[in-house]
**Q** 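For reference, the structure I am asking about is given below.
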Amino acid sequence: TNMSDTIFADNVPYASGYKFRITNLLSSNQEEIERPIRDIRMTDFSNPEFNTTYSVEVAVKNTNGSYLPYGALCTITTPSFPTSQLQNSQCDVIITSMNTTIYADSYVGASTYRFKFVSGAFTYVFDRPNRSFNLNTVPGLLNGTTYSVQVALEINGVFGPYGKVCTIT
């Protein structure tokens with residue numbers, strides 16, 4: 001359910017290490033990681049993709065330092081790309097001051113938050129390195145006008161889909 005969830009290999013007595021081989025079943029990209037312990041996370045691999053199925057195989061390091069053949073493969077499907085939105089207290093509300101700081105829901109691992117304002121023909125999109133911005137920094141906003149606001153997250157250099165539409169007047 002989360003890219004940082006722990007994936008455990010079976011415990012093998014006297015094993016001195018484990019080698020994990022992961023294969024993206026869509027692109028066939030493959031990577032191997034050696035570990036002294038029997039667990040791994042998707043975040044340990046280079047650029048794991050969301051909503052993607054991978055095969056995972058494990059080889060056990062023998063006491064003489066050599067690896068035994070890989071065992072049976074299993075498949076793991078990563079979660080969908082996470083989304084964010086304006087925090088609940090600022091979603092579908094009337095803001096009384098243009099000096100108000102607006103916040104998106106936080107997501108650990110997001111490097112950029114993309115905000116999109118829309119009202120009729122008006123659209124303004126901007127990126128922030130954190131989950132907040134001051135409303136008066138958005139050019140072109142008019143008092144008494146309702147705007148649809150959405151948030152998208154950038155993770156590992158890729159922007160995901162926009163989250164729930166919130167309105168701000």
Side-chain angles (χ1 to χ4, degrees), residues 1-8 20-35 37 39-57 74-169:
T1 58
N2 191 312
M3 288 287 209
S4 61
D5 286 349
T6 304
I7 302 165
F8 290 96
F20 294 82
R21 179 167 61 192
I22 185 168
T23 305
N24 180 322
L25 295 181
L26 188 60
S27 69
S28 297
N29 289 341
Q30 193 173 79
E31 184 175 350
E32 292 181 337
I33 294 180
E34 295 182 28
R35 307 253 304 152
I37 54 178
D39 69 50
I40 200 159
R41 293 166 176 73
M42 292 303 295
T43 53
D44 293 331
F45 295 99
S46 301
N47 301 317
E49 296 178 29
F50 288 96
N51 199 30
T52 301
T53 301
Y54 291 88
S55 69
V56 179
E57 301 166 277
C74 68
T75 58
I76 294 174
T77 301
T78 55
S80 296
F81 205 105
T83 60
S84 184
Q85 68 178 57
L86 296 186
Q87 66 183 8
N88 282 334
S89 65
Q90 294 181 319
C91 185
D92 304 331
V93 297
I94 296 172
I95 304 291
T96 58
S97 170
M98 292 295 273
N99 292 322
T100 301
T101 300
I102 304 297
Y103 294 90
D105 288 340
S106 179
Y107 186 82
V108 174
S111 58
T112 307
Y113 292 77
R114 176 168 285 166
F115 296 89
K116 179 170 78 169
F117 277 72
V118 176
S119 181
F122 175 86
T123 298
Y124 186 72
V125 177
F126 62 98
D127 296 344
R128 300 275 300 150
N130 54 43
R131 68 184 189 105
S132 66
F133 65 93
N134 211 335
L135 198 55
N136 62 14
T137 63
V138 180
L141 294 186
L142 301 172
N143 286 327
T145 303
T146 299
Y147 296 91
S148 297
V149 182
Q150 290 181 281
V151 181
L153 302 171
E154 181 183 28
I155 300 171
N156 293 329
V158 176
F159 276 99
Y162 283 102
K164 176 185 171 184
V165 175
C166 290
T167 60
I168 289 181
T169 302

**Q** Out of V56, I76, I40, which one pairs with I22 under the side chain to side chain contact (heavy atoms under 4.5 Å, CB included) rule?
**A**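 Single pass found, and it is V56.
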**Q** Listing request: all side-chain hydrogen bond (donor to acceptor under 3.5 Å, both in side chains) pairs with a residue in residues 113-124, at least two apart in sequence or in separate chains.
**A**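 Matches after skipping sequence neighbours: R114-D127.
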**Q** For the pair R131 (side chain) and A104 (backbone), establish whether a donor and an acceptor sit closer than 3.5 Å, ignoring hydrogens and angles.
**A**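 Such a contact is found between R131 side chain and A104 backbone.
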**Q** Do you know the tightest heavy-atom contact between F20 and I37?
**A**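 Shortest heavy-atom separation between F20 and I37 comes out as CE1-O, 4.1 Å.
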**Q** Aromatic ring centroids of F126 and F133 under 6.0 Å?
**A**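 That pair passes the under 6.0 Å test.
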**Q** Test side-chain contact (heavy atoms from CB on, under 4.5 Å) on T83 and K164; report intermediate values, then the result.
**A** CA-CA 8 Å; T83 60; K164 176 185 171 184; over 6 Å; no
**Q** Any sub-3.5 Å donor-acceptor pair from Q30's side-chain atoms to T23's backbone N or O?
**A** no
**Q** A quick test of your reading: do over 12 heavy atoms of other residues, nucleotides or ligands sit less than 6.0 Å from OH of Y162?
**A** yes
**Q** Okay, side chain of D92, backbone of C166: is any donor-acceptor separation there less than 3.5 Å?
**A**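 A pair under 3.5 Å: no.
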**Q** Ignoring hydrogens and angles, tell me if any N or O in the side chain of E31 forms a donor-acceptor pair with the backbone of N24 under 3.5 Å.
**A** no
**Q** Over all heavy atoms of both residues, which pair between D39 and R35 is shortest? Give the atoms and the distance, please.
**A** O-NE, 2.8 Å
**Q** Within a 6.0 Å radius of atom CD1 on I94, are there more than 12 heavy atoms belonging to other residues, nucleotides or ligands?
**A** no
**Q** Can you list everything that forms a disulfide bond (SG atoms under 2.5 Å apart) with C74? Sequence neighbours excluded, please.
**A**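 C74 satisfies disulfide bond (SG atoms under 2.5 Å apart) with no other residue.
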**Q** If we only count heavy atoms from C-beta on, is the I155 to Y107 side-chain gap below 4.5 Å?
**A** yes
**Q** Does the T112 side chain pair with the main chain of R128, one donor and one acceptor, at a distance under 3.5 Å?
**A**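 Not a single qualifying donor-acceptor pair exists.
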**Q** Look at the rings of F122 and Y147 and say which category their plane angle falls in: under 30° parallel, 30 to 60° tilted, over 60° perpendicular.
**A**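 Correct class here is perpendicular.
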**Q** Holding to side-chain hydrogen bond (donor to acceptor under 3.5 Å, both in side chains), I want the full list of residues that pass it with N134, two or more places apart in sequence or in another chain.
**A** none
**Q** Taking all heavy atoms of V165 and all of C91, pick out the closest pair and write down the distance.
**A** O-SG, 4.5 Å
**Q** Just wondering, are more than 12 heavy atoms of other shown residues or ligands nearer than 6.0 Å to CG in N143?
**A** no
**Q** Just how far is it from atom CG of N156 to atom OG of S111, taken to the nearest 0.5 Å?
**A** 7.5 Å
**Q** Compare all side-chain heavy atoms of P79 with those of N2 and state whether any distance is below 4.5 angstrom.
**A**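 No. Closest side-chain heavy atoms not under 4.5 Å.
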**Q** Hey, what do you get for CE (M42) to CG (N47), rounding to the nearest 0.5 Å?
**A**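 Answer rounded to 0.5 Å: 11.0 Å.
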**Q** So, does D5 use its side chain to make a donor-acceptor pair with the main chain of T1 at under 3.5 Å?
**A**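 Yes, because the side chain of D5 sits within donor-acceptor range (under 3.5 Å) of the backbone of T1.
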**Q** First locate atom CD1 of I95, then atom CD of Q90, and finally report the distance between them rounded to the nearest 0.5 Å.
**A**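 It is 5.5 Å, given to the nearest 0.5 Å.
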**Q** Is there a side-chain contact between T78 and M3 in this structure, where contact means two heavy atoms from C-beta onward sitting under 4.5 Å apart?
**A**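 A side-chain contact exists here, since the closest heavy-atom pair is under 4.5 Å.
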**Q** How many angstroms lie between CG in N88 and CG in L86, if you round to the nearest 0.5 Å?
**A**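 Reported to 0.5 Å precision, the distance equals 9.5 Å.
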**Q** To the nearest 0.5 Å, how far apart are CG in L135 and CD1 in I168?
**A**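 Reported to 0.5 Å precision, the distance equals 6.0 Å.
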**Q** Quick one: sort the F50 and F81 rings into parallel, tilted or perpendicular, breaks at 30° and 60°.
**A**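 Plane angle between 30° and 60°, so tilted.
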